Structures are given as C-alpha cells and as structure tokens.
Amino acid sequence: MAGRNIADWLIREGLAGTPYAQLITALCERLVSAGVPLVRANFSMRAYHPEFGAFAYRWKRASGISHELYDRNSQVDYGWEQSPLRALVEGPEDTFRRRFGPTAPFEFPVFEELAAQGASDYFATQTRFDGADTGQSIGLLISWTGAAPDGFTDAQIDVLRQITPALGLALKANANHDMAHDLMATYLGADAGARVLSGAIGRGTVEGTEAVILYFDLAGFTAMSEALGPGIIEMLNAYFGAIVPCIEARGGNVLKFMGDGILAIFAKDAVPGTEAAAIACVRDLQAAMAEVSAARAAAGQPVTTATMALHAGEVFYGNIGAAQRLDFTVIGPAVNAAARMLAMTGPVGYPVIVSAPVARPAMAGRDDLVSLGAYRLRGVAERQELFTLD
C-alpha cells in the first residue's frame, strides 16, 4: 500500500510541476517514514542542453539534497568507468543490486565508501524514455542505498520498483519543461524564449516595449568566409563566445545571430539606467574583442574587428513568417534606424555609432561621447545626430 500511495503522490507532484530538488527531497523523506532504511539516493538524467550533457541530484539523509551538472564537452569521466551504474547500463537487466558488508571485497570503489558510512545494500534501476534501446536513449538512472543490517527487505525493494514508473514520469515532465526553457533561451534569447513559453506564439502576435537596440557586426566576413571555408565557424564561435556574455552581463538579450552579426536589446523596463548600461556594454565588447584577437594572433589564427551601433526607441516583439515556420524577433522603425546607423560606420570612419536618444541620457559623468553631427539615414525621415566613443 505504501508504494501505491507514494506512486499516486508522485503523479500529482509531476502534474503540479514540482521542482526536482523539492520533489526528490520529499520522496526520500516519505520513503524513510514508510520504513525504508534509505540513507542515500542518486537520480541522473541526460540533459538536452548545449553546455551540459547530463545532470544529477543526490540526496543523503545526513546532509540533504545536492545538484551536479556534467559538462557536455568535458573529458572527465566522473568515475563512470568504475561506477556500478555503468554495469547497469551495459548489462542485460534494468535493475542492479548488491549487498555488502563493512569488510567484504568491494566490486566498485563507491561500495567501499558507502560501507564505511554504514551502508549495507545498493539497488539501482534504469528507465528508458521513448522506448528506445540504446545507451544514448536512457532517460533516468536511480540508485538507492540502505543501511539496515540485512539491507533492504523484499517488500522494500518492491516499493522502490513500484514507484519507479511514476517517478520517471514526474521527472520526465519536469525535464521536458526545463528542456523547453533552456532550448528557447538558447535559440531565441532568455526574454524572447520566456515570451514564447508564456503563450506569445500566434502568428501576428505583437507586443511593444521601449528598448536600446544594439547591432554588432564583425568586419570582413565575406572575405574571411572565402579564405577560411568551414573554419569560419570556429572563428565566429571564438568571438561570439566572448561577446554574448558581455551583453548578458549588462542586462541585454541577444535575439538573433545574422551570419557575422548580432541583434540585441536592453529593455528599459528591465535594465536600470538602460542607456548607460548599453554604452558600458560597448566598452566591454571592445575589450573582449581585443582579448580574443590577442589570443588568436598569438596562436597564429586570423583576427578581425567589429562595428557597433546603439539606438533607442519602441520595438515590437512579433511572430513573423508562415503558418508552419515562424520567427520571433523585434521589428519597428527604431530597429530599422539602428541597422542604418551600423551601415554608417564606414562613411563616418568610426567603428561605434551611438544615436542621440542613447547618448544624451548617458552623457552625465563621462566625456568620451563625441558628437559627429547630424546625418540623414536611408529610409529615416528626420536627420539623426550621431555620436561616437572617443
């Protein structure tokens, strides 16, 4: 009956979207209250994330819950070669159990560690998602460690088996939500991704906001693409890998990569002192570009420079495209004007151009903003006073 009650509770928690740490902690405490001599439990799942390949939550009766993320590109094996979970994954069964005493021969190093802490029994299960049968498709690995003198009883093992499907569903539902959030943030940007997940998905949906717009462009992309071929991707990633964190650190949202360019915004309702923050970001970007270029030059790799433009005004978040293929981006006259300003970096001879609506609110306390005069931008009715950073 305990297993059925806990399984029903897990389904309710999964439907409610209870966060991993809270769900796992409550589950382990319920098992202990039901008489299961649990002292440790580990839950591992594969992650669909560009940076992390897997994650794990580990509960210990003595210290509570902890969380680990495993780098997708790391060469560290995290003890996998000598892990009982590897024996489970590579074996023919979906469960793996070992009883051990404090002085018995230890099949795996972790068993010696657990026995020294008073553990006596280890029971692990794997739950495959999507019905696939390869190692890459394993969805959830769970290990339970008990400390009773004779280990887990058969009835307690039955409870752990009985709750596994419901636990898998609850964690998978949570994982799907997190995966959607992470992928949306990765491909659309944090703010745009959150808007889509909140329901702004209809074609033609439009929402306006005041923002500072940043256009960033690497120089000489066409020539470099012809010279480097596929190697241009490595170069773009090297520069963008340094540029994007600078934008996000100042509160900006990267909305789009356009070949060698970036479109980002600093929303005024989210970034205090928006104009000053955007200008400070440009200084950060210049420093990041110089650092990356210095490292690449020292390694004998090609380098480049960048041009940037800042403008402020109302932008409109919108879903644009066909019924089956939409692009969620910002549009509006202010966005067009910022693009025209970027094109002016060549004619005026300066790599950074800042419009008056951005420069003037940020001029107090700084003397590096220099007016270049008023210019007529293609497609923009009124002349625009442009500034640069000295």
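Please read all numbers here as calculations on a predicted model, not as lab measurements.
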Hey, what do you get for [atom1] ([X]) to [atom2] ([Y]), rounding to the nearest 0.5 Å?
{"X": "Phe216", "Y": "Thr307", "atom1": "CZ", "atom2": "OG1", "result": "8.0 Å"}
{"X": "Leu10", "Y": "Gln162", "atom1": "CG", "atom2": "CD", "result": "11.0 Å"}
{"X": "Ile11", "Y": "Trp9", "atom1": "CD1", "atom2": "CH2", "result": "12.0 Å"}
{"X": "Ile6", "Y": "Ile163", "atom1": "CD1", "atom2": "CD1", "result": "5.5 Å"}
{"X": "Ile213", "Y": "Phe266", "atom1": "CD1", "atom2": "CZ", "result": "11.0 Å"}
{"X": "His311", "Y": "Ile265", "atom1": "NE2", "atom2": "CD1", "result": "13.5 Å"}

If you draw a 6.0 Å radius around CD in Glu112, do more than 12 non-hydrogen atoms from other residues or ligands fall strictly inside?
no
Crowding at CD, Glu314 (>12 non-hydrogen neighbours, <6.0 Å):
yes
What's the verdict on side-chain contact (heavy atoms from CB on, under 4.5 Å) for Leu23 and Leu171, showing C-alpha distance, side-chain angles and the deciding distance?
CA-CA 9 Å; Leu23 175 67; Leu171 294 181; 3.7 Å; yes
Nearest atoms (heavy-atom pairs only) where [X] meets [Y]:
{"X": "Ala306", "Y": "Pro351", "answer": "O-CB, 3.7 Å"}
{"X": "Gly118", "Y": "Ala147", "answer": "O-CB, 3.6 Å"}
{"X": "Thr95", "Y": "Thr125", "answer": "CG2-CG2, 3.9 Å"}
{"X": "Ile247", "Y": "Ala264", "answer": "CG2-CB, 4.0 Å"}
{"X": "Trp144", "Y": "Phe152", "answer": "O-CE1, 3.7 Å"}
{"X": "Cys246", "Y": "Leu285", "answer": "CB-CD2, 3.6 Å"}

Between Phe100 and Tyr122, does the ring centroid distance fall short of 6.0 Å?
no
Is the distance from the ring center of Tyr57 to that of Phe43 below 6.0 Å?
no
Tell me, do [X] and [Y] make a side-chain contact under 4.5 Å, heavy atoms counted?
{"X": "Ile65", "Y": "Tyr20", "result": "no"}
{"X": "Leu310", "Y": "Val212", "result": "yes"}
{"X": "Val39", "Y": "Gln117", "result": "no"}
{"X": "Leu377", "Y": "Met341", "result": "yes"}
{"X": "Tyr375", "Y": "Met344", "result": "yes"}
{"X": "Met235", "Y": "Gln301", "result": "no"}
{"X": "Ile243", "Y": "Ile262", "result": "yes"}
{"X": "Phe387", "Y": "Arg360", "result": "yes"}

Kindly say whether [Y] contributes a backbone atom to a donor-acceptor pair with the side chain of [X] at under 3.5 angstrom?
{"X": "Thr345", "Y": "Leu342", "answer": "yes"}
{"X": "Thr274", "Y": "Val271", "answer": "yes"}
{"X": "Asp121", "Y": "Gly146", "answer": "no"}
{"X": "Tyr239", "Y": "Thr304", "answer": "yes"}
{"X": "Arg340", "Y": "Arg378", "answer": "yes"}
{"X": "Arg296", "Y": "Pro302", "answer": "yes"}
{"X": "Thr164", "Y": "Leu160", "answer": "yes"}
{"X": "Gln126", "Y": "Glu93", "answer": "yes"}
{"X": "Arg61", "Y": "Leu38", "answer": "yes"}
{"X": "Gln156", "Y": "Thr153", "answer": "yes"}

Check against side-chain contact (heavy atoms from CB on, under 4.5 Å), Ile142 and Leu167:
CA-CA 10 Å; Ile142 311 171; Leu167 176 58; 3.4 Å; yes
Do Leu218 and Phe257 sit in the same hydrophobic cluster, where Ile, Leu, Val, Met, Phe, Trp and Tyr count as joined when their side-chain heavy atoms come under 4.5 Å apart?
yes
Are Val370 and Tyr350 linked, directly or through intermediate hydrophobic residues, by side-chain heavy-atom contacts shorter than 4.5 Å (ILVMFWY only)?
no
Quick test of your reading of the model: are Lys268 and Glu275 salt-bridged, counting only N-O distances below 4.0 Å?
yes
State whether Asp150 and Arg99 are salt-bridged, where the test is any N-O pair (Lys NZ or Arg NE/NH1/NH2 against Asp/Glu carboxylate O) under 4.0 Å.
no
If you apply the rule side-chain contact (heavy atoms from CB on, under 4.5 Å), what do you find for His67 with Arg58, and how did you get there?
CA-CA 6 Å; His67 179 213; Arg58 182 172 293 118; over 6 Å; no
Distance-only polar pair, side chains of Thr388 and Asp390, donor-acceptor under 3.5 Å
no
Chi angles and distances behind the side-chain hydrogen bond (donor to acceptor under 3.5 Å, both in side chains) call for Ser355, Glu385:
CA-CA 6 Å; Ser355 71; Glu385 183 182 11; over 6 Å; no
Using the side-chain contact (heavy atoms from CB on, under 4.5 Å) rule, take Asp284 and Met289 through it: C-alpha gap first, then chi angles, then the decisive distance, then the call.
CA-CA 9 Å; Asp284 295 343; Met289 285 291 300; over 6 Å; no
